[in-house]
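To start, the structure itself, in structure tokens.
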Amino acid sequence: MSLFAEWITGYLAAGVDGIVVTDRNSYTGIDSARKALAELHRHDPEMAPLVIFPGAEITARTGTRVLAIFDPERQSEIVRDVLASCGCTGTRALADGSTRKSVAGVASVIAALGGLCVAAHADRTGGVFDMETRELLALAEAKSVVAAEIVDDRHLGRAERLGWVPVLGSAAPASIGEGGPRALETRAPGTHLTLVKAETLDLAGLRDALADPAGSVRRTRRTYR
């Protein structure tokens, strides 16, 4: 079994219905994950379905990172188009590069191409909370960012005051080259996730859920023994 297949199997075993593939400054892991999922289904047609949303973690010129999320029906090239429009110079899965656009500029490109923009680990190094206050408030007022990944519960109120729905996600595994998902510094599949109540597990469903966060979105952590 390939490393991507093992990764996907871990999420299925945890009862996860959908994942977003967000390699840093890259889109190539999306098709690898989709190929692995298709192969698993060919070997076991009764296997539970898993929805894969194409996306990326994009580094703005300031070093601040945001997530781009697109509909599962979109091809991985939509992420390539975002990176190209942002003038991305980042190295895949590393922090040594960035786009030529500001955080607001990256968020605007994502929105213009039909995606959702989420502030990646907003309360950690490289997160939007490190931004200068005036710039952060302007970003919030632009409404191009819809949610923020909050790692520490103490920062939930700050995200909400900025108008962003707090979410939680797995820190990785991101994929490196053609070798498969990275094993180091990851969280186990299904231990850090956001539960979403949606009519459909697609981008429209996510948008509707984020519009009603009190009843449709819940950050959760699980412990497996």
A side-chain contact here means heavy atoms from C-beta on lying under 4.5 Å apart; do [X] and [Y] qualify?
X: Arg219; Y: Pro166; result: yes
X: Ile58; Y: Val82; result: yes
X: Arg34; Y: Asp31; result: yes
X: Ile19; Y: Val16; result: yes
X: Thr59; Y: Arg24; result: yes
X: Val51; Y: Phe53; result: yes
X: Trp7; Y: Val21; result: yes
X: Trp164; Y: Ile150; result: no

For this session: Check the pair Met47, Leu12 against side-chain contact (heavy atoms from CB on, under 4.5 Å), reporting the backbone distance first and the verdict last.
Result: CA-CA 9 Å; Met47 186 183 73; Leu12 289 170; 3.5 Å; yes
Please round to the nearest 0.5 Å and tell me the distance separating atom [atom1] of [X] and atom [atom2] of [Y].
X: Ile69; Y: Leu203; atom1: CD1; atom2: CG; answer: 8.0 Å
X: Leu67; Y: Glu149; atom1: CG; atom2: CD; answer: 6.5 Å
X: Cys117; Y: Lys143; atom1: SG; atom2: NZ; answer: 14.0 Å
X: Leu210; Y: Leu116; atom1: CG; atom2: CG; answer: 6.5 Å
X: Leu206; Y: Phe70; atom1: CG; atom2: CZ; answer: 13.0 Å
X: Ile110; Y: Lys101; atom1: CD1; atom2: NZ; answer: 11.5 Å

Problem set entry | Non-neighbouring partners of Arg80 that pass salt bridge (Lys or Arg N to Asp or Glu O under 4.0 Å), sequence neighbours left out |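 By the salt bridge (Lys or Arg N to Asp or Glu O under 4.0 Å) rule, Arg80 matches no residue at all.
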Exercise. Given the rule in the side-chain contact (heavy atoms from CB on, under 4.5 Å) test, do Val217 and Leu195 qualify, once you have shown the distances and angles that lead to the verdict?
Worked result: CA-CA 6 Å; Val217 179; Leu195 302 179; over 6 Å; no
Exercise. Are Arg207 and Asp202 close enough, and set up right, to give a salt bridge (Lys or Arg N to Asp or Glu O under 4.0 Å), and what steps lead you there?
Worked result: CA-CA 9 Å; Arg207 289 187 191 279; Asp202 54 18; over 6 Å; no
Contact summary for [X] and [Y], nearest pair of heavy atoms:
X: Pro213; Y: Ala211; result: CD-C, 3.4 Å
X: Ala159; Y: Ala148; result: CB-CB, 4.3 Å
X: Ser144; Y: Ala107; result: OG-CB, 3.4 Å
X: Ala104; Y: Leu139; result: CA-CD1, 3.7 Å
X: Ile30; Y: Pro54; result: CD1-CB, 3.7 Å

For this session: Carefully, step by step, assess Leu193 and Leu168 under the rule side-chain contact (heavy atoms from CB on, under 4.5 Å).
Result: CA-CA 5 Å; Leu193 69 162; Leu168 184 65; over 6 Å; no
Among the clusters formed by ILVMFWY side chains lying less than 4.5 Å apart, do [X] and [Y] turn up in the same one?
X: Leu201; Y: Val146; answer: yes
X: Val165; Y: Leu156; answer: no
X: Ile78; Y: Val118; answer: no
X: Val103; Y: Leu162; answer: yes

Cut-off 3.5 Å, no hydrogens considered: what does the side-chain donor-acceptor table look like for residues 119-129, sequence neighbours left out?
unit_1	atom_1	unit_2	atom_2	d
Asp123	OD1	Val151	N	3.1
Asp123	OD2	Val151	N	3.2
Asp123	OD2	Asp152	N	2.8

I'd like to know if the side chain of [X] reaches the main chain of [Y], judged simply by a donor and an acceptor atom lying under 3.5 Å from each other, with no hydrogens or angles considered.
X: Asn25; Y: Cys88; answer: no
X: Asp23; Y: Ser26; answer: no
X: Arg74; Y: Gly115; answer: no
X: Thr64; Y: Ala60; answer: no
X: Ser216; Y: Val196; answer: no

Problem set entry | Partners meeting side chain to side chain contact (heavy atoms under 4.5 Å, CB included) with Ala36 (sequence neighbours left out) |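 Expected list: Ser2, Phe4, Ala5, Ile8.
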Exercise. Hey, is CD on Glu132 packed in by over 12 heavy atoms from elsewhere, all under 6.0 Å?
Worked result: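 Correct, the count exceeds 12.
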For this session: Would you check, one step at a time, whether the test side-chain contact (heavy atoms from CB on, under 4.5 Å) holds for Cys86 with Arg100?
Result: CA-CA 6 Å; Cys86 292; Arg100 291 193 293 268; over 6 Å; no
